[in-house]
Amino acid sequence: MNTESLSDEMIAGLETIVGRSFLFLDTDTRNHYGHDETEDYVFPPSVVVKPGNTDEVAAIMKFANQYSIPVVPIGGRTGLSGGALSIHGGIGLSMERFTNIDIDEKNLQAIVEPAVITQVFREAVKEKGLFYPPDPSSQGSCTIGGNVAENAGGARAVKYGVTKDYVLNLEVVLPIGEVIWTGANTLKNSTGYNLTQLMVGSEGTLGIITKIVMKLLPDNSHNILMLVPFFKAGQACEAVAQIFRAGIVPSALEFMERDAIDWTLRYVDGVSLDIKDEVEAHLLIEVDGNYPDVLFADAEKITGVLEQFEIDEILFADTEDQKNALWKMRRAVGEAVKSNSVYKEEDTVVPRYELPTLLAGIKSIGNKYGFHSVCYGHAGDGNLHVNIIKGDMTDENWRTEVPKGIREIFELTVSLKGTLSGEHGIGYVQKNYMDIAFNDTQLQLMKSIKKIFDPNNVLNPGKVLPDNLA
């Protein structure tokens, strides 16, 4: 059903489920829930509903199946691939009332509802001496449910893994309105097909997550953070693999090329750096643990690796304020780029040793199609964010040439044994590039999985799978 409006009968039916106070038809509210952080797209739902419990979500999905109404789950709207856009109108299902956290200190677990802000969750477990590592740059506004739906990563994924590595079990409302738990609250589970991990990263297309059982770790008490200027951006990428080959696994290893830092320093208050004109890129490197002597030894070994390259003086963050300032700068890069120009952001990921080849290739492709790119990202796990800048490109070239360049960037990425997205997901904007990463057999298998979970195609239709898939 492709609809701009729902009938009075449909609205009345939804009102009986969630109540009049949690149903919204006005234009401002629909527009508010009709966008995320994906470029400048706005696709308002026909109606916004805000259920308060799992039973209400299940009732909404049964109702949607009855009338063939598309439903799009909506979280913090911080996504970068358009996964929460209501491209067919219908019901925008905001999960914002699901905010409970229940921490099990004995088992180092927590049951979390999907609208809990990631940073709120991380701080809540830290108060108990525990640690939840995944830390997307948008952690102050993104939600745990969205993190699970996209399999979000962040800076510390290089050492600790991504969201999927902490999800033990999920309560899920299926598209047909049935409620299931996908697994068990255990650290080991070899019982049947792994429905939990099938749901993680499914981008709101296979079910609506209403509860998440998360694994937690003991908190670390110490860390060392250093900012390393490189006179050649390619060498910064080369150094990444060499650090690991030296036997060190940093807790974060971030790459920022010169434009990324310059634009961010102009955008963010309270952060200043004196950078020589010849510097092309920086690495932000963190090691963490419980024993300072071990961390200092790791930092010395990393310094020895870095001295093989053309670098300027390394900045060691001596205070918590300095550390916070550097992380504030890194986390603000995306917003800084967005404030400078219309842009498209890609989320390439390759084996880390291939980063220099990927970076050089991206610059070459940009020259070919006439666009400038600003690159940064989680270099330690090979995840390079590519911001393609419109700048003074004509609208015609932006519309026709840039997609050709993006396709070549993805072809290069896949040729290097990488793939299209490391953590942002496919959603709406990347779906028609999926043929680069998957053949028809693989795509048909994904289509069959979607059909089994969602026989009437009402849950987040038009996402992930390409439009031309027969």
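Values below: all heavy atoms of this structure, side chains included; hydrogens, waters and symmetry mates excluded. This is a predicted model, so every value here is computed, not measured.
- A salt bridge is absent between Arg258 and Glu280: the closest approach of a Lys/Arg side-chain nitrogen to an acidic carboxylate oxygen does not fall below 4.0 angstrom.
- Tyr376 places none of its side-chain heavy atoms less than 4.5 Å from the side chain of Leu284.
- For Glu354 (side chain) and Val350 (main-chain N/O), no donor-acceptor pair under 3.5 Å exists by modelled atom type.
- The structure places CG of Leu253 at 11.5 Å from NE2 of His378, a figure rounded to the nearest 0.5 Å.
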query = Under the side-chain contact (heavy atoms from CB on, under 4.5 Å) criterion, do Val200 and Leu170 qualify, and how do the steps go?
reply = CA-CA 9 Å; Val200 176; Leu170 297 167; 4.3 Å; yes
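- Lys338 has a carboxylate O that lies under 4.0 Å from a charged side-chain N of Glu37, or vice versa, which qualifies the two as a salt bridge.
- The side-chain heavy atoms of Leu273 and Leu227, taken from C-beta on, include a pair separated by under 4.5 Å.
- No side-chain heavy atom of Val337 sits under 4.5 Å from any side-chain heavy atom of Asn340.
- Remark: Lys463 does not engage Glu203 in a salt bridge, criterion side-chain N to carboxylate O under 4.0 Å.
- Using a 4.0 Å cut-off between a side-chain N of Lys or Arg and a carboxylate O of Asp or Glu, Glu39 and Lys344 qualify as a salt bridge.
- Using a cutoff of 4.0 Å between basic side-chain nitrogens and carboxylate oxygens, Lys159 and Asp288 are scored as salt-bridged.
- In terms of heavy atoms, Leu416 sits closest to Pro351 at O-CD, 3.3 Å.
- Checking side-chain atoms of Asp347 against main-chain N and O of Glu423 turns up a donor-acceptor pair under 3.5 Å.
- The shortest side-chain heavy-atom distance between Leu358 and Thr413 falls under the 4.5 Å cut-off.
- Between His385 and His424, the angle of the ring planes stays under 30°, which puts this pair in the parallel group of the 30/60° scheme.
- In summary, Glu123 and Lys126 do not engage in a salt bridge, as defined by a charged side-chain N under 4.0 Å from a carboxylate O.
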inquiry  = For a side-chain hydrogen bond (donor to acceptor under 3.5 Å, both in side chains) check, start with the C-alpha distance between Gln235 and Glu310, then their side-chain angles and the critical distance, and finish with the verdict.
reply    = CA-CA 8 Å; Gln235 287 192 5; Glu310 297 176 57; 3.2 Å; yes
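- Closest heavy-atom contact between Ile74 and Tyr33: CD1-O, 3.5 Å.
- Looking only at side-chain heavy atoms (C-beta outward), Leu459 and Pro70 stay at 4.5 Å or farther from each other.
- With Tyr166 as the aromatic partner, Lys215 meets the cation-pi criteria of under 6.0 angstrom to the ring centre and within 45 degrees of the ring axis.
- Distance alone, capped at 3.5 Å, places no donor-acceptor pair between the Asp219 side chain and the Phe131 backbone.
- Side chains of Asn151 and Thr163: a donor-acceptor N/O pair is absent below 3.5 angstrom, by distance only.
- Judged by distance alone, the side chain of Ser138 and the main-chain N or O of Ser141 form no donor-acceptor pair under 3.5 Å.
- Panel note: side chain Lys276, backbone Val279; no donor-acceptor pair is recorded below 3.5 Å.
- Checked by atom type and distance alone, the side chain of Asp454 pairs as donor or acceptor with a backbone atom of Val458 at under 3.5 Å.
- Annotation for Asn439: atom CG counts as buried by contact number, over 12 foreign heavy atoms lying within 6.0 Å.
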ask   = So Val287 and Ile302, side-chain contact (heavy atoms from CB on, under 4.5 Å) or not? Walk me through it.
value = CA-CA 10 Å; Val287 290; Ile302 290 171; 3.8 Å; yes
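- Around CZ of Phe296, the count of heavy atoms belonging to other residues, nucleotides or ligands within 6.0 Å does not exceed 12.
- Not one N or O on the side chain of Thr143 forms a donor-acceptor pair closer than 3.5 Å with the backbone of Ile117.
- Between Thr118 and Pro136 the shortest heavy-atom distance is CG2-CD, 4.2 Å.
- Heavy-atom minimum distance, Asn147 versus Cys142: ND2-SG, 3.5 Å.
- Thr196 has its side chain out of reach of Lys164: every pair of non-hydrogen atoms, C-beta onward, lies at least 4.5 Å apart.
- The distance from atom CG of Asp36 to atom OH of Tyr41, rounded to the nearest 0.5 Å, is 11.0 Å.
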Test side-chain contact (heavy atoms from CB on, under 4.5 Å) applied to Val158 and Phe244, step by step = CA-CA 11 Å; Val158 61; Phe244 288 89; 3.4 Å; yes
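- Between Asp467 and Lys431 there is a salt bridge, with a side-chain nitrogen of the basic residue lying less than 4.0 Å from a carboxylate oxygen of the acidic one.
- Around the CD atom of Glu396, the shell of radius 6.0 Å holds more than 12 heavy atoms that belong to other residues, nucleotides or ligands.
- For the pair Ile406/Ile388, a side-chain contact is recorded, criterion being any heavy-atom separation below 4.5 Å from C-beta on.
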task = Could you give me the CA-CA distance, side-chain angles and deciding distance for Tyr428 and Phe43, then say whether ring pair (Phe, Tyr, Trp, His ring centres under 6.0 Å) is met?
result = CA-CA 11 Å; Tyr428 174 66; Phe43 290 94; 5.5 Å; yes
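- Under the side-chain contact (heavy atoms from CB on, under 4.5 Å) rule, Ser341 has a single partner from Lys390, Met393, His372, which is Lys390.
- Nearest heavy atom pair, residue Leu306 against residue Ala239, reads CD2-CB, 4.2 Å.
- Side-chain atoms of Thr38 come within 3.5 Å of backbone atoms of Gly79 as a donor-acceptor pair (strictly under, hydrogens ignored).
- Environment of OH in Tyr353: sparse, with no more than 12 heavy atoms of neighbouring residues, nucleotides or ligands closer than 6.0 Å.
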inquiry  = With side-chain contact (heavy atoms from CB on, under 4.5 Å) as the criterion, how do Thr27 and Arg30 come out once you've worked through the C-alpha distance, each side chain's angles and the decisive distance to 0.1 Å?
reply    = CA-CA 5 Å; Thr27 300; Arg30 292 189 300 110; 3.8 Å; yes
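- The pair Arg407-Asp435 meets the salt-bridge criterion, with a side-chain N (NZ, NE, NH1 or NH2) lying under 4.0 Å from an Asp/Glu carboxylate O.
- Of the inter-residue distances, the one linking Leu445 atom CG with Lys450 atom NZ reads 15.0 Å to the nearest 0.5 angstrom.
- Using a 4.5 Å heavy-atom cutoff, the side chains of Tyr343 and Asp40 are not in contact.
- Electrostatic pairing of Lys363 and Glu257 counts as a salt bridge here, judged by a charged N lying under 4.0 Å from a carboxylate O.
- Considering every non-hydrogen atom in both Leu80 and Val429, the closest pair reads O-CG2, 4.2 Å.
- In this structure, Gln444 CD and Leu465 CG are separated by 9.0 Å, a value rounded to the nearest 0.5 Å.
- Ring geometry for His32 against His35 counts as perpendicular: the plane angle is over 60°, on a 0 to 90° scale with 30° as the lower cut.
- Atom OG1 of Thr348 is separated from atom CG of Leu384 by 4.5 Å, given to the nearest 0.5 angstrom.
- Between Glu286 and Arg156 there is a salt bridge, since at least one side-chain N of the basic residue sits less than 4.0 Å from a carboxylate O of the acidic one.
- Although no hydrogens or angles enter the test, the distance criterion places a donor-acceptor pair under 3.5 Å between the side chain of Lys323 and the main chain of Asn223.
- Summarising the local packing, CZ of Arg245 is surrounded by 12 or fewer heavy atoms from other residues, nucleotides or ligands at distances under 6.0 Å.
- Checking side-chain atoms of Ser46 against main-chain N and O of Gly90 turns up a donor-acceptor pair under 3.5 Å.
- Once rounded to the nearest 0.5 Å, the distance linking CD1 of Ile426 with OG of Ser421 reads 5.0 Å.
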